[in-house]
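What follows is one structure encoded as structure tokens, with my remarks underneath.
Counting starts at 1 for both ligands and their atoms, in listed order.
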Amino acid sequence: MGTPEYRTCPYPVYQSLREQAPVCKLTTRHGVDTYLITRYEDARLALSDPRIGKDMHEGIEIYHAVFGDTCDALDDNLIFADPPRHTRLRHIAHEAFTPRHVKLLRPRIEQLADELLTKCPTDTPVDLMTAFALPLPVMVICELLGIVGDERNDVLKWFGQVTRSRFSKEMGDELAEAEHWLRNYFLGLVARKRAEPADDFLTVLIQTEHEDGALTDDELVSMMWVLLFAGHKTTTYQIGNAVYSLLSHPDQLALVRADRGLLPQAVEELVRFECSVETSTFRYALEDVEIGGVAIPQGSLVQIAISSANRDPEKFAEPDTLDVTRKGLQSTHLGFGHGPHYCLGAPLARMELETALTALLDRFPEMVLATPETGHEEWLKGPFPAFRGLEKLPVALDPSRTVDDWTATASG
Ligand code: HEM
């Protein structure tokens with residue numbers, strides 16, 4: 001694991017694990033023992049097993065071992081919570097994330113996608129990650145949270161600093177400074193919204209009452225942080241993976257081009273086939289548990305290999321084949337997780353993926369990969385170990401106009 005071959009294609013490794021060590025004990029780079037679950041049925045059960053918890057307050061020593069001493073207010077959110085705290089946070093988040101709010105965003109997402117594609121040159125190759133897949137979800141999540149204008153660039157700068165520092169273990173003053181800046185910024189945003197409520201997502205988040213109380217300011221800050229984090233890289237890499245998968249499977253692309261009605265199920269298949277979330281977030285055993293015949297001692301970390309479960313032949317016929325006509329995937333693949341921590345933003349992510357692919361297919365129906373070898377080197381090298389995505393995706397949007405010397409002109 002971690003070799004260039006593994007990065008490019010981890011699936012043979014996962015196949016061996018499913019066959020020979022489906023619940024496999026690994027040691028994380030932080031030196032903590034983790035049990036990695038690779039088979040579909042075990043994965044699905046583990047994702048909803050109440051004996052496998054996530055609450056960082058209970059498991060604070062384990063979290064400190066993994067994340068250093070940075071488990072602070074920003075992390076006090078639903079990703080690191082168990083019932084009843086998780087139930088309350090999730091209930092309030094759900095009120096704000098209604099289908100109505102998500103639906104209201106569609107025209108704006110279409111407009112943003114259109115604006116980004118209008119700026120792309122067609123006479124030279126374009127790195128679709130930089131030009132499209134990265135900015136679109138960032139703009140969408142910022143709009144949802146009410147982060148507008150120049151403030152957006154500041155937020156993204158400090159956000160990038162927090163994520164880089166956390167994942168690279170450089171947890172010094174820089175990290176503290178960035179976390180401090182973001183916390184104060186989010187508090188200011190909440191104060192402004194309290195003073196001027198509107199018909200929007202943040203107002204609902206602030207005003208929703210639960211029987212155990214509305215969100216406190218600290219909880220609001222953590223919620224905004226987790227939405228920014230969870231709603232951004234995931235969707236960026238998923239757009240890239242989806243476009244790459246279609247362009248490298250022209251027969252499947254042709255099917256979608258010929259029948260746009262296939263798009264919703266194609267999106268599910270694209271998430272199953274090449275999911276941007278390779279492994280789940282960390283959990284830990286609240287008591288001794290047995291999964292797939294393996295005893296997991298209380299206190300051990302547990303991670304679910306989503307990319308492996310989604311390619312398990314016991315669940316999906318010919319799992320290594322991309323087939324956009326597969327049916328019934330929405331309730332089976334684990335690309336958005338399963339159980340109480342099922343992706344809160346799944347409806348938004350699905351809509352963003354559909355909108356992004358529609359915009360690309362409408363405007364650039366002949367688009368091709370600019371370099372045939374794309375995908376061999378570009379798979380993410382880090383610093384986000386749980387994600388699977390491309391660092392670059394050079395495409396010729398209109399091959400009839402694009403100059404021949406693609407590799408020389410592809411820019412990042
Ligand atoms: C294609 C894009 C996305 C993918 C593949 C994805 C995938 C996932 C997965 C697998 C989980 C479960 C993690 C676990 O149980 O360990 C999750 C949780 C979550 N996702 Fe997403 N996600 C995407 C987009 C989004 C968006 C756009 C948002 C919000 C705007 C979002 C917000 C969340 C939140 C808040 C959670 C935690 C839910 C909880 O713990 O109760 N995600 N996502």
What does the contact table look like for ligand 1 (nitrogen or oxygen on each side, cut-off under 3.5 Å)?
{"residue": "ligand 1", "atom": "15 (O)", "partner": "R283", "partner atom": "NH1", "Å": "3.4"}
{"residue": "ligand 1", "atom": "15 (O)", "partner": "R283", "partner atom": "NH2", "Å": "2.7"}
{"residue": "ligand 1", "atom": "16 (O)", "partner": "T281", "partner atom": "N", "Å": "2.9"}
{"residue": "ligand 1", "atom": "16 (O)", "partner": "T281", "partner atom": "OG1", "Å": "2.5"}
{"residue": "ligand 1", "atom": "16 (O)", "partner": "R283", "partner atom": "NH1", "Å": "2.8"}
{"residue": "ligand 1", "atom": "40 (O)", "partner": "L78", "partner atom": "O", "Å": "3.4"}
{"residue": "ligand 1", "atom": "40 (O)", "partner": "H341", "partner atom": "ND1", "Å": "2.7"}
{"residue": "ligand 1", "atom": "41 (O)", "partner": "H86", "partner atom": "NE2", "Å": "2.7"}
{"residue": "ligand 1", "atom": "41 (O)", "partner": "R90", "partner atom": "NH1", "Å": "2.8"}
{"residue": "ligand 1", "atom": "42 (N)", "partner": "A230", "partner atom": "O", "Å": "3.4"}

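- For Y35 and Q303, the side-chain atoms include no donor-acceptor pair closer than 3.5 Å.
- R18 and Q15 share no side-chain donor-acceptor pair at under 3.5 Å.
- Sorted by first and then second residue, the pairs that involve residues 295-327 and meet ring-ring contact (aromatic ring centres under 6.0 Å, His included), not counting sequence neighbours, are Y40-F316.
- A tilted orientation is assigned to the rings of Y14 and Y11, their planes being inclined by 30° to 60°.
- Using cut-offs of 30° and 60° on the angle between ring planes, the pair Y244 and W379 is perpendicular.
- Residue E196 qualifies as open at atom CD: its count of foreign heavy atoms under 6.0 Å is 12 or below.
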